[in-house]
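Below is one structure, written out as structure tokens; the observations come after it.
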Amino acid sequence: MPHQHRADDALANPVIPGFHPDPSVCRVGDDYYLACSSFEYFPGVPLFHSRDLVHWTQIGNVLDRPSQLRLPVGVPSSGGIYAPTLRHHDGRFWLIVTNVSEGGGNLLVTATDPAGPWSDPLPLPDIPGIDPDLAWDEDGTCWCTFAGVGQIRVDPYTGETYGPPRRLWSGGPGAKAPEAPHLYRIGDHWYLLIAEGGTERGHGVSIARGSAPTGPFEPCPANPILTHRGTDHPVQNTGHADLVQAPDGSWWMLLLGVRPGGGTPGWHVLGRETFLAPVTWVDGWPVVGEVELHLPTPPWPLAPHPGEAPRDDFDLGELRPSWISLRDRPAEHCTTEKRSGWLTLRARGGSLDEPDVVFVGRRQQHLACRARALVDPAEGRGGLAVRLDEQHHYEIEASATQVRVLARVGPLRTLVAERPVPGLPLVLGIAVGAPPAPHDARTGPDVVSLGVEEPDGTFTVLATLDGRYLSTEVAGGFTGRVIGMYAAEGTLHFDWFEYEPQAA
């Protein structure tokens, strides 16, 4: 049966937990749609649907075909697809996004149904930078605003631009990384919402307004209108926001933030997550309410939905949209058709250190969780992994004769533990939970335990490793943990994969 939301998580914030950064949202009637960055993972740009702004269901991925998304093996982790903007205009959905890999650049795709299919990309070679936004004025002119913050007029049907880019407004004097611009007509003004301060602890949201989409723009006297810099708030790095209006006329902000854990300096492991915050208007300026971990009940009916079933038995012809792979997913290396009811992975790269390793994972979405899989490694070598990038990952790996735990942290690769296989096929497991006491200023955010299930069903932990080394503060970059299955040699078959949250 599908997992039902528990009463205590029905109004939990983040509303889309785990590595789902740079949210962009649009409303169409009673429906809301939201897109996020995906970086080096394929398929790209996860797309979500909601009826209440609180409960979100992934309904697909915008860039789900090789013709739409080219991520060569040389694309580094935290490269690839950056910061989409999703809009609905003239009966159509429009998504503009940047592929920062070589030969990429800004591109535009459209769809009549947000669940897909989306069009092949329209290249936008004359639009510079990242974080592109689309806005249409009253006469139908389309404006693209981008990080920096600059702007250029564009024909979204042909990609043609008109005139050189113009500088608009770049936030507070000397502000780091003015980016993530979104332009809106609200009431009598055009509002330019941006992020500034960088996507780390200094992140914030600022806004300006003008009488035209081209400005000039007057900054809000209360800027930044949202930041948690210098506070002890459990949600940090708040920024990269988008505004949306609810049916009752109220306004809301979707934004990214992180939940650091452990001692000093604090480590976030799930990546940048999507949070929801209320917005009120005072003297023509938005005032952002508290970014709470438990949302107040909104003034409209909630529309909870059955979540994804914890176990995927791979009985469908295609993978769930929540499954992601590294840079591509060719059918000859990943299929559910070779052995009925099993996922078959055929190796390419020889380990998770390699950028072309065959990997199928899902974002870790809970601070405490457990993942298990039944694997047949009789024809190869591989298993379960927790991955941040090529230089930061833990895995439990099985062959026909041996199970071993491997850890890669920066330049160091270590065989942590090994033992004979208890029998084939076998269940491998990974559990993430709180670090053991005592705690001090150096205590990491969590621990990762890796092990194997014995024939009698008991679980034997082979190693428990410090989770801080699979965090952004250690590894750098823009992504979060992904837990999944991989093949390092030969062919492996996975009968099922199970992911369940645990009590934190």
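One-based numbering along the sequence shown. FYI, side chains are in, hydrogens and waters are out, and symmetry mates aren't considered; it's all heavy atoms of this structure. This is a predicted model, so every value here is computed, not measured.
- The local environment of CD in Glu102 is sparse, with at most 12 non-hydrogen atoms from other residues, nucleotides or ligands closer than 6.0 Å.
- Seen from the ring of Phe42, Arg327 does not count as a face-on cation partner, given the 6.0 Å and 45° thresholds.
- Of all heavy-atom pairs between Pro121 and Pro123, the closest is O-CD, 3.5 Å.
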Inset, instruction - Assess whether salt bridge (Lys or Arg N to Asp or Glu O under 4.0 Å) is satisfied between Glu200 and Arg272, documenting all intermediate values. - result: CA-CA 10 Å; Glu200 303 82 26; Arg272 299 170 300 161; over 6 Å; no
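- With values rounded to the nearest 0.5 angstrom, Thr85 atom OG1 is found 10.5 Å from Leu183 atom CG.
- Looking at Arg209 and Asp188, no side-chain N of the basic residue comes within less than 4.0 Å of a carboxylate O on the acidic one, giving no salt bridge.
- Proximity of a side-chain donor or acceptor of Asn106 to a complementary backbone N or O of Leu124 within less than 3.5 Å is not detected.
- With respect to Arg468 and Asp466, a salt bridge is recorded, a charged nitrogen being found less than 4.0 Å from a carboxylate O.
- Annotation: cation-pi pair Arg51/Tyr32 absent, no NZ/CZ under 6.0 Å from the ring centroid and within 45° of its normal.
- Taking 4.5 Å as the limit, every side-chain heavy atom of Arg329 sits out of range of all side-chain heavy atoms of Pro66.
- Phe19 carries Arg363 over the face of its six-membered ring, with the cationic atom under 6.0 Å from the centre and within 45° of the normal.
- Put simply, the side chain of Thr141 does not reach to within 4.5 Å of the side chain of Pro213, judged on heavy atoms.
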Inset, instruction - Go through Trp56 and Phe275 one step at a time and tell me if the ring-ring contact (aromatic ring centres under 6.0 Å, His included) criterion holds. - result: CA-CA 12 Å; Trp56 294 87; Phe275 290 82; over 10 Å; no
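- Gln236 and His203 form no side-chain donor-acceptor contact under 3.5 Å, judged by distance and modelled atom types alone.
- Under a 3.5 Å cut-off, the side chain of Asp113 and the backbone N or O of Ala115 do form a donor-acceptor pair.
- The line from OG of Ser325 to OH of Tyr41 is 10.0 Å long, rounded to the nearest 0.5 Å.
- Between Asp353 and Arg408 there is a salt bridge, since at least one side-chain N of the basic residue sits less than 4.0 Å from a carboxylate O of the acidic one.
- The closest donor-acceptor contact from the side chain of Tyr184 to the backbone of Leu243 lies under 3.5 Å.
- Between Ala180 and Ala195 the shortest heavy-atom distance is CB-CB, 3.9 Å.
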Inset, instruction - Apply ring-ring contact (aromatic ring centres under 6.0 Å, His included) to Phe48 and His20, showing your working. - result: CA-CA 11 Å; Phe48 294 84; His20 293 104; 5.2 Å; yes
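- Rounding to the nearest 0.5 Å gives a distance of 7.0 Å between CG of Leu63 and CG of Leu95.
- In terms of heavy-atom proximity, Gly249 sits nearest to Trp251 at O-CD1, 3.6 Å.
- For His392, the side chain to side chain donor-acceptor pair (under 3.5 Å) partners two or more places apart in sequence, or in a different chain, are Asp389.
- With salt bridges taken as basic N to acidic carboxylate O contacts below 4.0 Å, one links Arg259 and Glu273.
- Between Glu473 and Arg201, at least one side-chain nitrogen of the basic residue sits less than 4.0 Å from a carboxylate oxygen of the acidic one, meeting the salt-bridge criterion.
- Heavy-atom contacts from other residues, nucleotides or ligands closer than 6.0 Å to CD of Glu138 number more than 12.
- Here the closest non-hydrogen pair linking Trp190 and Ser211 is CD1-O, 3.7 Å.
- For His268 (side chain) and Pro260 (main-chain N/O), no donor-acceptor pair under 3.5 Å exists by modelled atom type.
- Taking each heavy atom of Cys144 and Ile96 in turn, the nearest pair found is SG-CD1, 3.9 Å.
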Inset, instruction - Test salt bridge (Lys or Arg N to Asp or Glu O under 4.0 Å) on Arg413 and Glu390 and set out the steps. - result: CA-CA 11 Å; Arg413 178 179 171 86; Glu390 282 80 16; over 6 Å; no
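- In this structure, the side chains of Val15 and Leu53 stay at 4.5 Å or more apart for every pair of heavy atoms.
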Inset, instruction - Could you check Arg92 against Thr110 for side-chain hydrogen bond (donor to acceptor under 3.5 Å, both in side chains), going step by step and ending with a plain yes or no? - result: CA-CA 7 Å; Arg92 203 163 185 81; Thr110 66; 3.2 Å; yes
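- Of the possible polar contacts, one joining the Asn13 side chain to the Glu292 backbone as a donor-acceptor pair under 3.5 Å is found.
- Between Tyr162 and Ile152, every side-chain heavy-atom pair lies at or beyond the 4.5 Å cut-off.
- At least one donor-acceptor pair closer than 3.5 Å links the side chain of Gln68 to the backbone N or O of Trp118.
- The distance from atom CD1 of Ile16 to atom OG of Ser50, rounded to the nearest 0.5 Å, is 8.0 Å.
- When all heavy atoms of Pro46 and Ser37 are compared, the closest pair comes out as CD-O, 4.1 Å.
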Legend entry - Pair Arg65-Asp120, salt bridge (Lys or Arg N to Asp or Glu O under 4.0 Å): steps then yes or no: CA-CA 9 Å; Arg65 307 187 301 274; Asp120 280 345; 2.8 Å; yes
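- Judged by distance alone, with hydrogens and angles left aside, the side-chain atoms of Asn237 form a donor-acceptor pair with the main-chain N or O of Thr199 at under 3.5 Å.
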Inset, instruction - Could you walk me through whether Tyr33 and His88 pass ring-ring contact (aromatic ring centres under 6.0 Å, His included), step by step? - result: CA-CA 10 Å; Tyr33 300 96; His88 186 264; 8.3 Å; no
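- Between Trp169 and Ile194 the shortest side-chain heavy-atom distance falls below 4.5 Å.
- Contact check for Gln58 versus Leu47: no side-chain heavy atoms found under the 4.5 Å cut-off.
- Rounding to the nearest 0.5 angstrom, the gap separating the CG atom in Leu134 from the CH2 atom in Trp143 is 13.0 Å.
- Ion pairing between a basic and an acidic side chain is recognised when a charged N comes within 4.0 Å of a carboxylate O; Glu308 and Arg320 show such pairing.
- With a 4.5 Å cut-off on side-chain heavy atoms, Pro23 and Leu256 count as touching.
- A donor-acceptor contact closer than 3.5 angstrom is absent between the side chains of Arg387 and Thr479.
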Legend entry - Pair Gln245-Trp252, side-chain contact (heavy atoms from CB on, under 4.5 Å): steps then yes or no: CA-CA 6 Å; Gln245 190 173 21; Trp252 296 80; over 6 Å; no
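- At least one side-chain heavy atom of Leu295 sits under 4.5 Å from a side-chain heavy atom of Val54.
- A salt bridge between Asp328 and Arg70 is absent, with no side-chain N of the basic residue lying under 4.0 Å from a carboxylate O of the acidic one.
- Ring geometry, Trp94 versus His89: the interplanar angle falls from 30° to 60°, so the pair is classed tilted.
- The closest donor-acceptor contact from the side chain of Ser78 to the backbone of Phe478 lies under 3.5 Å.
- Sparse packing is recorded around CG of Asp232, with 12 or fewer heavy atoms of other residues, nucleotides or ligands lying under 6.0 Å away.
- Taking the six-membered ring where tryptophan is involved, the planes of His366 and Tyr499 are tilted, since the angle between them lies from 30° to 60°.
- Using modelled atom types, one side-chain atom of His228 and one backbone atom of Val235 make a donor-acceptor pair closer than 3.5 Å.
- His189 contributes no side-chain N or O that, together with a main-chain N or O of Ile186, makes up a donor-acceptor pair within less than 3.5 Å.
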